[in-house]
Visitor: 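Take this structure first; my questions come after.
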There are 2 protein chains.
Amino acid sequence: MTDGVNWLTAEEQHAWRGFVRLHERLMGRLSHLLQTESHVAAADYAVLVNLTDVPEGRQRYQDLARALEWEKSRMSHHITRMIKRGLVVREDCPEDGRGAFAVITEAGREAIAAAAPLHVQAVRSLFLDHLTAAELRTLAEISARVMERLDDAPER
Amino acid sequence: MTDGVNWLTAEEQHAWRGFVRLHERLMGRLSHLLQTESHVAAADYAVLVNLTDVPEGRQRYQDLARALEWEKSRMSHHITRMIKRGLVVREDCPEDGRGAFAVITEAGREAIAAAAPLHVQAVRSLFLDHLTAAELRTLAEISARVMERLDDAPER
DNA sequence: GCCGGTCCGATGACGCGTCAACCAGTTCAC
DNA sequence: GTGAACTGGTTGACGCGTCATCGGACCGGC
């Protein structure tokens with residue numbers, strides 16, 4: 001090592017770049033498909049899924065943000081956009097004067113009901129169908145392990 | 001299946017969501033780190049790497065776009081931004097009146113020289129260090145295979 | 001040579017995410 | 001209770017990526 005930097009080997013580079021590209025391509029396809037076929041953007045989809053998972057389809061911005069690992073600012077911006085699209089409604093929180101709820105609307109329920117099968121089908125045909133059970137397991141393991149290390153790392 | 005939709009199993013969902021989250025978190029960390037430590041955004045980095053890979057550090061927009069799998073519009077926008085930052089310069093193409101070259105500047109070379117070790121080090125410590133050789137291989141295989149299928153798919 | 005089709009890149013409008021600043025409501029120490 | 005610190009959400013500015021559209025250059029057949 002003449003320059004003291006531990007450069008990536010060909011295999012490492014290949015695997016890393018493959019991983020990055022794969023995600024980009026998959027998400028590109030997926031969000032494009034969702035957008036054109038069901039008029040629900042990927043981010044909208046994620047929020048709506050969270051809202052339908054919970055009784056009455058209402059959740060604090062806070063909790064949504066935590067669940068999706070979004071910044072509160074992003075959540076606030078995004079919900080206002082979703083309100084404009086009629087997917088969701090904002091409600092004040094009686095217990096905490098600062099708080100706010102996002103509540104899914106009927107249109108929101110219809111939108112996700114239409115989008116979900118498309119989404120699932122796409123995830124299968126674009127991704128899952130091409131993996132073996134063992135590969136799937138390895139992938140899940142990798143994700144869990146690396147994310148755990150990321151949480152630990154004081155980085156930043 | 002009462003509703004005719006082949007919903008994801010718990011394992012499938014777990015693996016898929018893990019994969020997506022992992023990429024988001026990794027890229028978030030990585031680009032944040034590059035941005036704050038070396039003032040080179042991830043996208044800039046990608047362009048600069050391509051330019052340094054080639055003699056004289058000059059490439060057609062076209063070729064850069066193909067290499068990075070970017071839309072030509074994105075490339076055009078991004079290069080104009082990079083020009084403003086002084087990382088790169090635009091040159092007309094004598095052979096093809098429509099064409100344009102991006103040429104790396106001295107500042108561009110310095111920027112990437114500073115960023116590259118950081119980048120490599122981060123990819124290692126955030127990701128590669130936590131994978132076994134076998135896992136790395138599996139990941140590369142998966143990426144290659146799925147991307148191949150994506151190319152085939154007439155989708156869109 | 002000319003004309004339709006194609007290709008390269010530019011441009012403007014728009015939606016999205018981040019950052020920093022901010023405000024009002026809450027909590028906690030004292 | 002009062003003030004300081006904290007928290008939940010908002011806002012505005014900004015950079016980025018996409019889409020649609022455009023203009024100019026190239027290429028093919030005729």
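Here is how names work: the chains are called A, B, and so on, in the same order as the sequence lines, proteins then strands, and each is numbered from 1.
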Visitor: Between atom CD in Glu91(B) and atom C1' in dC8(C), what is the gap in whole Å?
Guide: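 About 17 Å, once rounded to whole Å.
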Visitor: Is it true that Arg81(A) and His78(A) share a donor-acceptor pair across their side chains at a distance under 3.5 Å?
Guide: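 Checked: His78(A)/Arg81(A) side chains pair up, N/O donor to acceptor below 3.5 Å.
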Visitor: DNA chain D: His77(A) or His77(B), which has the more 5' nearest nucleotide?
Guide: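 Here His77(A) is the residue nearer the 5' end.
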Visitor: Please determine whether any donor N or O and acceptor N or O are separated by less than 3.5 Å between the side chain of Ser73(B) and the base of dT11(C).
Guide: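 Side chain to base: pair found, below 3.5 Å.
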Visitor: Strictly below 4.0 Å, N to O, side chains only: are Glu69(B) and Arg25(A) in salt-bridge contact?
Guide: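 The answer is yes: the pair qualifies as a salt bridge.
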Visitor: Can you tell me how far C1' of dG9(C) sits from CG of Asp92(B), to the nearest Å?
Guide: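 Nearest whole value for this atom pair: 11 Å.
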Visitor: Could you pick out which residue, Arg98(A) or Trp70(A), lies toward the 5' side of DNA chain C when each is mapped onto its nearest nucleotide?
Guide: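 Per heavy-atom nearest nucleotide, the more 5' residue is Trp70(A).
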Visitor: So what does Glu95(B) touch, heavy atoms closer than 4.0 Å: a base, only the sugar-phosphate, or nothing?
Guide: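 Glu95(B): backbone/sugar contact only, no base atoms under 4.0 Å.
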Visitor: Nearest of dG8(D), dT18(D), dC8(C) to any side-chain atom of Lys72(B)?
Guide: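 Of all the options, the side chain of Lys72(B) is nearest to dC8(C).
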Visitor: Applying a 4.0 Å non-hydrogen cut-off, can you work out what Arg66(A) is touching in the nucleic acid: base, sugar-phosphate, or nothing?
Guide: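 Counting heavy atoms under 4.0 Å across all strands, no contact is made by Arg66(A).
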Visitor: Would you check if the distance from the ring center of Phe19(A) to the ring center of Phe127(B) is below 6.0 Å?
Guide: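 For Phe19(A) and Phe127(B), the ring centres are under 6.0 Å apart.
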Visitor: Report which part of the nucleic acid Arg81(A) touches: base, sugar-phosphate, or nothing (heavy-atom distance under 4.0 Å, all strands).
Guide: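 Base contact.
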Visitor: Using whole Å, report how far CD of Gln35(B) lies from C1' of dC19(C).
Guide: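 Going from Gln35(B) (CD) to dC19(C) (C1'), I get 11 Å.
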Visitor: With a 4.0 Å limit, can you tell me whether Arg60(A) has a side-chain N or O closer than that to the phosphate oxygens OP1/OP2 of dG9(D)?
Guide: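 Yes, such a contact exists.
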Visitor: Name the residue closer to the 5' end of DNA chain C, choosing between Pro94(A) and His78(A) according to the nucleotide with the nearest heavy atom.
Guide: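 Its nearest nucleotide lies further toward 5', so the answer is His78(A).
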Visitor: Please pick, from dC16(D), dC19(D), dG9(D), the nucleotide with the shortest atom-to-atom distance to any side-chain atom of His32(A).
Guide: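 Among dC16(D), dC19(D), dG9(D), the one nearest the side chain of His32(A) is dC19(D).
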Visitor: Using the closest heavy atom to pick a nucleotide of DNA chain D for each, name whichever of Arg74(B) or Ala100(A) lands nearer the 5' end.
Guide: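 The answer here is Ala100(A).
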Visitor: Same cluster or not: are Val120(B) and Trp16(A) linked, directly or through other Ile, Leu, Val, Met, Phe, Trp or Tyr residues, by side-chain heavy atoms under 4.5 angstrom apart?
Guide: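 Yes.
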Visitor: To the nearest Å, give me how far apart CD (Glu71(B)) and C1' (dA20(D)) are.
Guide: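 The answer, rounded to whole Å, is 11 Å.
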Visitor: Less than 4.0 angstrom from a charged side-chain N to a carboxylate O is my criterion; do Arg66(B) and Asp63(B) meet it?
Guide: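 Judged by the 4.0 Å cut-off on N to carboxylate O distance, Arg66(B) and Asp63(B) do form a salt bridge.
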Visitor: Could you state the atom-to-atom distance from CE of Met27(A) to P of dT18(D) in whole Å?
Guide: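 After rounding, the gap between these two atoms is 13 Å.
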Visitor: For a quick test of reading the model: is some side-chain N or O of Ser76(A) closer than 4.0 Å to OP1 or OP2 of dG9(D)?
Guide: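 No, Ser76(A) has no side-chain N/O under 4.0 Å of OP1/OP2 on dG9(D).
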Visitor: If you only use heavy atoms from C-beta on, which nucleotide in dG15(D), dC19(D), dG17(D) is closest to the side chain of Ala43(B)?
Guide: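 So the side chain of Ala43(B) is nearest to dG17(D).
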